[in-house]
Protein chains: 2
Amino acid sequence: MRVSLKDVAERAGVSIKTVSNVVNNYPHVTPAMRTRVQRAIDELGYRPNLTARHLRKGRTGIIALAVPELGNPYFAELAGAVIDVAAQHEYTVLLDHTQGSREQEILVSQGFRSRVIDGLILSPLELEPEDLAARTDDAPLVLLGERRYDLPYDHIAIDNIAAARAAVRHLLTLGRRRIAFLGARQDRTVQPAHLRLLGWQAELAEWGVPAEDALVTATGGWDHEDGSVAMAKLLDSGQLPDAVFAYNDLVAIGAMRVMSERGLKVPEDIAVVGFDDITESRYGAVTLTTVAPDKQAIARLAVESVVGRLKSQQNEETPRPSQELQPGFTLVERESTLGRGASNSLPGHGATT
Amino acid sequence: MRVSLKDVAERAGVSIKTVSNVVNNYPHVTPAMRTRVQRAIDELGYRPNLTARHLRKGRTGIIALAVPELGNPYFAELAGAVIDVAAQHEYTVLLDHTQGSREQEILVSQGFRSRVIDGLILSPLELEPEDLAARTDDAPLVLLGERRYDLPYDHIAIDNIAAARAAVRHLLTLGRRRIAFLGARQDRTVQPAHLRLLGWQAELAEWGVPAEDALVTATGGWDHEDGSVAMAKLLDSGQLPDAVFAYNDLVAIGAMRVMSERGLKVPEDIAVVGFDDITESRYGAVTLTTVAPDKQAIARLAVESVVGRLKSQQNEETPRPSQELQPGFTLVERESTLGRGASNSLPGHGATT
DNA sequence: GCCCTTGTTTCCAACGTTATACAAGATGCC
DNA sequence: GGCATCTTGTATAACGTTGGAAACAAGGGC
């Protein structure tokens, strides 16, 4: 049933290697021979066995992308971009989702797909530095997202502090002074991350506006439901902010839903800024002002990092040192801060390295 | 650098096969031998080369899922479910997106990942029956979604006609009589699919309500933007329906945005029903009534079909004949038809085979 | 006409794993 | 104690491919 090079070779009356040469477009094959072999290939319907090729070549042409949750449109959109960029480099993407569990993230980073994937793009949530330090797999790894590890791996993230500050500054410029932050981590002591919260604090400090703890609300995760719960909690606690800066768009949209249920108008009563610029934020009854990371750039940088390092490995060059790469971002101003009638976008900070 | 069975065997002073036996938990290994080999494995940090294993075993444990677009939350959510179910069967999922292009879909169905994937779950959009008929790859294939091909492949889809009828019936029950359909295909002559439109027609016919052509609007794709454009077109044409049944939730939400911009209230002026029950539909200013296909069941049936056929192939049994599988659906009634205050869900039709 | 060069095809050996067949050692039975 | 039986470990051959070396054919220069 299965047809291999050997079968084609017999049919064409040549050696296996000649067939292989034809398949791989090896230059020194006479046209006559090429057509003869090609006919045998067509007649038998030969398809190369990629697994065997991979074994022989030592690489598979597959890179993995591991994100916390595909249900989150940000990651889905990013995944789409990564798949496209990878295809341009003739790589295929194997998608994993870790559900944000530390165990899953460790498993993935340790390379449990040993020798099936050539490289890995990981967007970690719970992974700890020591987990990564213990990594033995030699496949190139790139880290995505807010957390920093200070380990010799390329790290790709927009300047989260600058982005958060731009968002908060926008709200301050509009005259808002009681700006809540939605989506802090429960265990705020552990986290070395959450630059967005730091950005919020920094910008408020610069304007001399007190950063009240009561205006910071923690969430379990960062989806619609978490946003709704957090917003309800905030309002129930007696706080009435005049603006909300949410960890991401899902939280922002979940929060806006609660505002709407309670008769609070956006942006008149409460202005809202999100983060991620998912498609959804452009189509609500009130479109969402949000920080738009350059997803295309993120995808491009991530794939190029992995592919570049693979090339170095292959040529036995010394790989270039690991880098912090900062794609650009934009603050997209929409109705949730400006109200109906205006919608605009400003160029952001952060250079695309 | 790389450590193989051979290295471990040398270190432990045993044969390669013995190490292999230990790695694979082959029963007839004395405990003493097992620990000795295990120590060598640990010391050298051996990881099996899965590519070699795949070549030897003839299967990879990878199935591909090809969907039109990951940016569409329906497919992203479905993909998440498929990944989880596949993991339970010890399969990994390779995700492709075809962008709804026929060429891409042909490529995928022809098995361009030859021998890398054991099976394929494909959600086609433009693929034609003749493309599939010409398929030579022998990897099991399952088809997902609205289109029917009448070819010997398992096909998994909810009863789209019944689902559409349930949606339209719901609107009729609420007293609506001018019910627009948003999201027909441009080339309505070609399409053998679009059961949702047929369902719309059928239910209207049953109630003696004329199915006006002017109330059917075609779209290029089926995302937010297409919905907005279509709704604007409909309204600009002078039609003012009292309800809209959209091809999917994205179209419905895009349409609602336009209604909101034009001062039309949902559901007072226009009631809206979508299709897919994506998360987004639960968190808008007006939550969306929608047909909720049982995504878990779809994912389960799809994976089980592929895995089952792989098992048959392996045991050289004759595979069972191809089937039409109909997972269940639910009509989830929310504010876009009922208004604020009530939200409910009714059990749907369609048996889970 | 011969040798050398160039160009084309073939042979062989891997890549790392597992299946099969077999050898060797231990045990049980008469 | 010898023979059959069972247990445990080993050698060898694949799986399908590609890279390198070697073999072969043809063409050209002297």
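Below, all heavy atoms of this structure are taken into account, side chains as well, without hydrogens, waters or symmetry copies. Naming: A, B, ... by sequence-line order, numbering from 1 per chain.
In this structure, the side chain of E105(A) does not engage the main chain of G100(A) through any donor-acceptor pair within 3.5 Å.
In this structure, V23(A) reaches neither bases nor backbone, as no heavy-atom distance under 4.0 Å exists between it and the strands shown.
Mapped onto DNA chain D by nearest heavy atom, T18(B) and K6(A) fall at different nucleotides, with T18(B) at the one closer to the 5' end.
The NZ atom of K57(A) sits 22 Å away from the P atom of dC15(D) (whole-angstrom rounding). The separation between M33(A) atom CE and dA26(D) atom C1' is 14 Å, rounded to whole Å. Rounded to whole angstrom, the span from the NZ atom of K17(A) across to the P atom of dG16(D) amounts to 18 Å. In this structure, the OH atom of Y26(A) is 16 Å from the C1' atom of dT17(D), given to the nearest Å. The CG-C1' distance, from N21(A) to dG19(D), rounds to 10 Å in whole Å.
Listed by residue number, the members of residues 42-56 of chain A with any heavy atom below 4.0 angstrom from DNA chain C are L55(A), R56(A).
Residues passing the salt bridge (charged side-chain N to carboxylate O under 4.0 Å, His left out) test with R36(A): none are found, sequence neighbours excluded. Annotation: side-chain hydrogen bond (donor to acceptor under 3.5 Å, both in side chains) contacts of S15(B) (sequence neighbours excluded): T18(B). Every residue two or more places apart in sequence or in another chain that forms a side-chain contact (heavy atoms from CB on, under 4.5 Å) with E43(B) is listed here: R11(B), R39(B). Taking E10(B) as the reference, K6(B) meet the side-chain contact (heavy atoms from CB on, under 4.5 Å) condition, with sequence neighbours excluded. The side-chain contact (heavy atoms from CB on, under 4.5 Å) check on S312(A) picks up E317(A), P319(A), with sequence neighbours excluded. The side-chain hydrogen bond (donor to acceptor under 3.5 Å, both in side chains) test applied to N49(A) returns no partner, not counting sequence neighbours. Residues passing the side-chain hydrogen bond (donor to acceptor under 3.5 Å, both in side chains) test with R102(A) are D131(A), sequence neighbours excluded.
The footprint of chain A on DNA chain C, defined by a heavy-atom cutoff below 4.0 Å, extends from dT8(C) to dG16(C).
For the helix from dG1(C)-dC30(D) to dC30(C)-dG1(D), the angle separating the two terminal helix axes comes to 60°, with each axis derived from five pairs and the value rounded to 10°.
Between the side chains of D118(A) and T60(A), at least one donor N or O lies within less than 3.5 Å of an accepting N or O.
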Side chains of residues 73-94 of chain A: which donor-acceptor pairs under 3.5 Å do they make with residues two or more places apart or in other chains?
residue: E77(A); atom: OE1; partner: K295(A); partner atom: NZ; Å: 3.2
residue: E77(A); atom: OE2; partner: T279(A); partner atom: N; Å: 3.1
residue: E77(A); atom: OE2; partner: T279(A); partner atom: OG1; Å: 2.9
residue: D84(A); atom: OD1; partner: H97(B); partner atom: NE2; Å: 3.0
residue: Y91(A); atom: OH; partner: R59(A); partner atom: NH2; Å: 3.0
residue: T92(A); atom: OG1; partner: R113(B); partner atom: NH1; Å: 3.3

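A sub-4.0 Å separation between OP1 or OP2 of dT18(D) and a side-chain N or O of S20(A) is present.
Counting only residues at least two apart or on different chains, the ring pair (Phe, Tyr, Trp, His ring centres under 6.0 Å) pairs with a member in residues 22-63 of chain A are Y26(A)-H28(A).
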